[in-house]
Every structure is written in C-alpha cells, then in structure tokens.
2 protein chains.
Amino acid sequence: MTVTIREVAEAAGVSVSTVSRAFTAPDQVKPLTLKRVLEAATALGYAANPAARSLRGGGTGTLGLIIPDIANPFFPPIIKAMQARARRLGYTVLMADCDEQEADEIETIASVSKRVDGLVLWASTLSETRLRELAGRIPIVVVNRDVPEVSEVRISLAAGISQAAEHLRAYGHRKCVFINASRPELARGKSIHDSFEAAGLALTEIGPYEPRFETGVHAAPLILAHNATAVLAHNDLVALGVLHQLANLGASVPGDVSVIGIDDTLLASVSTPSLTTIRISPDELAVRSVELLTEAITGRDDDVPARVVEVGSRLVPRASTGPAPNR
Amino acid sequence: MTVTIREVAEAAGVSVSTVSRAFTAPDQVKPLTLKRVLEAATALGYAANPAARSLRGGGTGTLGLIIPDIANPFFPPIIKAMQARARRLGYTVLMADCDEQEADEIETIASVSKRVDGLVLWASTLSETRLRELAGRIPIVVVNRDVPEVSEVRISLAAGISQAAEHLRAYGHRKCVFINASRPELARGKSIHDSFEAAGLALTEIGPYEPRFETGVHAAPLILAHNATAVLAHNDLVALGVLHQLANLGASVPGDVSVIGIDDTLLASVSTPSLTTIRISPDELAVRSVELLTEAITGRDDDVPARVVEVGSRLVPRASTGPAPNR
DNA sequence: CTGAAAGCGCTAACAA
DNA sequence: TTGTTAGCGCTTTCAG
C-alpha cells in the first residue's frame, strides 16, 4: 500500500542506496540516474517515511513548541510565525499547550521529547534545575525565563515602556497607575518604575493580580480613586477590562483617562477605542527562537555555548491615549 | 545515551519481548515479572521510542489537525480542547496552520500525513475530489465541508440563529441586516433568512465581504441607511467592527442598534458593550471530531462507513442587544 | 507465561 | 558513481 524506497529502486533500475542518496545527497548521484530515480519516485508517489529516517538516527525533522496557553491571544501569531519559519528550514512544528500547569508540562515534555529534535519552552513553569537537566538531554531554548547555560530569547519591554512614558509625559500626564499581574519570575514591573520616573511621572503600582479581563474591571475604580490620568496595564486583556469598566463608570477614554496595554494582540486593534499598546513582534520572537533552536540542534556535538538574544518592543499609539484632562 | 528496551531487559533479567509486552500487553505478563520490568524501566528512565514503534507498524500515536488560520480567535479554544481530548486517548496532536492557501494545505498535508494516524481538516480549501482521494489513503474527518463518503463534523447554526431571531423579535425589532462574509462553500446565509422570516423580521443581506474587522466598519453606515435596528454579523470580529464604527457615528449600542455576532470568541466577552453572540461549543467540536477520527483510525480495516455528526449552537445574550428604539 | 528471531523503511559504512 | 549490507528500537509470530 505504502510506497517504499525499494519499489522506487526497482522501478528506476537502481539500488536502494542510490534512491536514498538521490534524496539526501543528490550531488553524489550521476545526473542522469538522479533524474530516473526522481521520475520513478514521483510516478509512484513516493515519500520518505520519517519514522524510518529518525529511527536510523537522522533526527525527527520536527521542533517542539511548549506554550502555556494557546487561548491567550498573544501566542497564535507567534505559533503561526514559528511554523512558517520552521517549514522554510525543513522542519515541522509540534505544538503543545500546557495550561500553565507544571504537571501537564512535565508530562507533555516527556511524551513529546522523543518526537522532536529540540524544544522551545515558552514561559516554562519548570524549575531551573529541571530545565537545566532537560537541556542536557535535548536542545532547548527558553523564552521569558532566565536560566544560566540555557539558550534564551528574552523579551525586553524597556524601549516600549520608555516610549510609553514619553508619550504620556508629552500629553501632560503626571500621575499614572501600573496594573501588575505577573508571575513573579516574569515580572514586568522592574523597568517600568525606572522609565516612568525618568520621564518625571508619578507611578502607583497596584496588584499583583491575575492577568485577566476582570482584573482590569476591578482596577478601573482604583485608577479614578488615585486621581491618575493614565494607566499602563499588564497586557491588552487587562487594559480592555479597564476600558470596559471605565465606560461603565462614565469616564471617557482618552478624555479622562489614557489607557495603554502590552502585547499588541488582536484585541488592541479591534477595541473601542482602539488601544495604544506596546508591541512585541511575534515574527521576531519566532525567528529568533527557531534560529536559536536550530543552531543548537545543528551544533549538538561541537557543544555550542548557550546564547541569549533579546527581542525589543515599541509603542503602537492608537486611540486610547490623549492629552491629560485639565484640572 | 538513550535507553532502549534491551537495556531494560538486561536490567530486569528478561528478554526484550517481555519488556515490550510489559508495556503493550501487561496482562500477558506474570504480575511479578511485570513489576520487575516496570521497576527496571523507571530506574533507567526508559521511554519507548515512537519512531521505532510506528516503523514497526503500530501507528504514530499522533493526530493531525489542519487549520486555516490559527490567528482567528475561533480556533485556539478548539485546538486546546482537541489536544486535551486526544491526550486522554493517548494521542499527540500535530497542528498545522495553512493560511487558507490551497497550495500550503497540499504541501502541509504531504509533509504531515506520514507522521500521523489520521487528519482533521478544518474548512479545507481542497477540492472534493482531492479530499475523497486523500480519504482513501488516510483516515480523515472534515469539519465544515460536505464531502460524500467522508466523515464530517457539521456546524449547525440553526438553533442559535432562531434564538437570535426570537430574541430580537421579543425586543420589538422589525428590520434587520445580515452582514455576509462567507466563502461560498461555507455559506452561513441559508438558514438565516428562513429563521428571521419565521420570526416575522425583515432581513436585508449585505455582502459578501471578507470576514474582517473593516467589514464591520464599512457596514455600520449601511445599517443606519437601511433604517435597521438590529444586525447579525458574520462573526464576532465583524461585529466588533460594527460596534466600533457605530460608536464613531454617534449611534448607541444597544440604544439605537442591537448587534449580534457569531462564534463567541474571546472578543465577544471583552468588548464594550459585551457582545451578544451565537456560540458554537469548542469543546463539543473538539470531542466530536477527535471521536470521529479515532473511530475511523481504529476501524480502518473493517471499513467503517463515513459518519456525519452535527454540532449545535445557541445564543449567548450579552449587552449589545436590547429593546428596539421607539420611532 | 516467556524467549528467539524476523523484519518495519531507511541511511551509512564499506566495497566494488 | 553505485551496490551490498548491517543495523536503528521495537513488536510480533512462532516455539517452547
């Protein structure tokens, strides 16, 4: 039923190794023979069996991608971009959602690690020890985790945040609120205070909360109570909650309060008003992580040192920010 | 480096076949032996090599999922649910995004089909002929496509739409607009006219357009021009465009116009006002499609007939619908 | 209940 | 440049 290398060999009147070489090292085959083999292969509809290939030791040709929550709108564009990138490099992507549960993540990694040549772990819930140990068994790249000796893609919000601070200052804002909803190990709060201070803005941090819509809903009256005229939310989703509740409270955006999100997800561009937000390029994230991983896979033997690359951010001004109200 | 069945056999003092059986048919092994083998396996950190397994003919243990666009917020919850379901059945899911391009889809299927035991094809762009031919080579389930002799999960909007019509009628609406943005083969328009007519509502269809936010923006003034007091949009994204532009035009929702979306994506619950929409359960979709596929895979030899299952819908009333304005 | 042995489809020495 | 052949790790008859 399924066409094997042997049948192609027979049809082309050559040996199996020639067929194998025709696909893996075409330059080692006489052009004429190559042509015959390729023709026979297409005629029969031959396609190499990846299981056999990887059993033989050639790698699986697939990259694993471990994601905390695919329903988080931040991830789909990244996954999409990683697939596109990987495909161009001849890889397939095996994506798994772990629901931000460590147990799930451990199980998933176990079941997936034999099917892939390497793993990209997004915001892994695993301990540093475990991650380092995993890195010993299979090439990995972590994103948004800082583990010594493990390759890493780091998201830097610094640029976007300082642009946001600048943007607000230029609009005459003086008092701002930051809604924090990070897991401690991923804290976004650090650079924020510095940037806002540098711009001469008073910043009150509230939280930490869970990064959900309801967090924004909850935070909205607090913003008003603080007499702040601008908010930086942990992410777009939280910012949308703020928008929603501010509307309910009769406060206008950006008339009374300016709102800024983080991530530039689909949500930001389709909200009313559209949301000013800090964008982290999904394409760049994808390209960098795939690049780092394939590098690690390729250079497996000549132990390439772990690398850290940083992916920047920038402000995307939209309609949710404007001049501070006169008092 | 990687531990094989042979090492476990040695450690447990049994033959490789016993180890194999310990994992694939534990009841054929004497309990005591089984225990010894399992202990040795855990001690060594043994895990079966899936490549070897599938080479031997045991199937790959993975299900393929072909999606037109993972960035469409309708899909992530479905993918998530399919993964969860598949995992419980001992399968891994290999998801691939095809960008709604037929060429991409063909290429993707080619590269993926040898790595999976079966395929779920969402709103496939492939021709009926091709799909039927594919079904001859590998078990497949199509969703939102109607191909004779191929198992199918069909989304029925009928219930949700008639509830929507009822909902609007009860609120005193009389003139409605339907914004159509379907690919012809997936047309959502059919049952809509009937349901609205049955509820005694005048329905004007505009379109077809592309299913994008801008479509809603474009449609908003048309709704007003038609003197309609309610809109049913092709999906939530389009509905959000309507909401956005209606706000710009100074029309209140639901004061002047009621808006209904379709899909109940994240967008619907976080918009302002929150969006009344027709929900299609991602979990049910996932369960049904995985079920149909595993059924087809399991019963591969005793050729199970193609099956069609229908997944229903229902209205989720939120804040974007309300009483029709008095004239 | 357990073991020996034959291959699944492919690649990579090694020979020719 | 091409062919022969030995496995990769596993499952599965077939004997015991």
Side-chain angles (χ1 to χ4, degrees), chain A residues 1-38 40-41 44-62 90 111 113-117 137-138 300-301, chain B residues 1-38 40-41 44-62 90 111 113-117 137-138 300-301:
Chain A
M1 204 200 75
T2 153
V3 195
T4 78
I5 206 176
R6 190 142 32 224
E7 307 173 51
V8 178
E10 204 158 325
V14 297
S15 76
V16 292
S17 31
T18 300
V19 178
S20 175
R21 278 189 288 256
F23 287 98
T24 57
D27 39 310
Q28 286 176 37
V29 178
K30 185 161 72 172
L32 186 65
T33 320
L34 182 62
K35 184 161 169 289
R36 276 224 316 282
V37 172
L38 262 26
L44 297 172
Y46 168 79
N49 180 333
R53 254 191 195 162
S54 61
L55 180 55
R56 193 58 228 298
T60 62
T62 109
S111 92
S113 63
K114 292 262 170 119
R115 302 172 200 267
V116 302
D117 295 339
R137 288 188 288 118
I138 182 174
R300 193 136 177 54
D301 315 302
Chain B
M1 203 201 75
T2 153
V3 16
T4 78
I5 205 176
R6 189 142 34 223
E7 305 173 52
V8 177
E10 204 158 325
V14 298
S15 74
V16 292
S17 24
T18 300
V19 178
S20 175
R21 277 190 287 258
F23 287 98
T24 58
D27 38 310
Q28 286 176 38
V29 178
K30 187 161 70 170
L32 187 64
T33 319
L34 182 62
K35 184 160 167 289
R36 277 224 316 282
V37 172
L38 262 26
L44 297 172
Y46 168 77
N49 179 333
R53 247 186 201 168
S54 61
L55 181 55
R56 193 53 230 284
T60 61
T62 109
S111 91
S113 63
K114 289 263 170 116
R115 302 173 199 266
V116 301
D117 295 339
R137 288 189 287 118
I138 182 174
R300 193 135 175 55
D301 315 302

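Quick note on labels: first sequence line is chain A, next is B, and so on, each numbered from 1. In this text the structure is predicted, and so the values were computed from the model without any measurement.
Scanning atom types as modelled, no donor and acceptor separated by under 3.5 angstrom connect the side chain of Ser20(A) and the base of dA12(C).
Between Arg6(A) and Gly58(A), the residue whose closest nucleotide on DNA chain C is further toward the 5' end is Arg6(A). Where Thr18(B) and Gly57(B) each meet DNA chain C at their nearest nucleotide, the meeting point lying more 5' is that of Thr18(B). Along DNA chain D, the nucleotide nearest Arg53(B) and the nucleotide nearest Ser17(A) are compared for position; the residue whose nucleotide lies closer to the 5' end is Ser17(A). If Gln28(A) and Val16(A) are placed on DNA chain D by their nearest nucleotide, the residue sitting closer to the 5' end is Gln28(A).
OP1 or OP2 of dT2(C) lies within a sub-4.0 Å distance of a side-chain N or O belonging to Thr33(B). Between Ser15(B) and dG3(C), a side-chain N or O to OP1/OP2 separation shorter than 4.0 Å is present.
Between the CG atom in Leu34(A) and the CD atom in Gln28(A) there is a gap of 11.5 Å [rounded to 0.5 Å]. Distance check: Leu55(B) CG to Asn49(B) CG gives 9.5 Å after rounding to the nearest 0.5 Å.
Tyr46(A) comes within contact range of the sugar-phosphate backbone alone, with a heavy-atom separation under 4.0 Å but no base atom that close. Among the protein residues, Ala51(B) comes within range of no part of the nucleic acid, since none of its heavy atoms lies under 4.0 Å from any strand. Residue contacts shown for Val19(B) are absent, as no nucleic acid heavy atom lies under 4.0 Å away. Within 4.0 Å of Ser54(A), counting heavy atoms only, lies no atom of the nucleic acid at all.
Contact between Arg53(A) and Thr24(A) at its shortest, heavy atoms only, is NH2-CG2, 4.1 Å. In plain terms, the two heavy atoms of Ala22(A) and Leu38(A) that are nearest each other are CB-CD1, 4.3 Å. Between Arg115(A) and Thr62(B), the closest heavy-atom pair is NH1-CG2, 3.2 Å. The two residues Val37(B) and Val8(B) have their closest heavy-atom pair at O-CG1, 4.0 Å.
Here the P atom of nucleotide dA6(C) and the CG atom of Leu55(B) are 17 Å apart, to the nearest Å. Residue Lys35(A) contributes atom NZ, which lies 18 Å from atom C1' of dT1(D) at whole-angstrom precision. In this structure, Arg21(A) atom CZ and dC14(C) atom C1' are separated by 11 Å, rounded to whole Å. Asp27(B) has its CG atom 9 Å from the P atom of dC1(C), to the nearest Å. Regarding Leu34(B), its CG atom lies at a distance of 11 Å from the P atom of dC1(C), rounded to whole Å. Nucleotide dA5(C) holds its P atom 16 Å from the CD1 atom of Ile5(B), rounded to whole Å. Per the geometry, CG belonging to Asn49(B) stands 16 Å off P belonging to dC10(C), to the nearest Å. Rounded to whole angstrom, the span from the CZ atom of Arg36(A) across to the P atom of dT1(D) amounts to 15 Å.
For Ala48(B), counting side-chain heavy atoms from C-beta on, the closest listed nucleotide (dC10(D), dT1(D), dC10(C)) is dC10(D). Taking only side-chain atoms of Val29(B), from C-beta outward, the nucleotide of dT2(C), dG9(C), dG7(D) with the closest atom is dT2(C).
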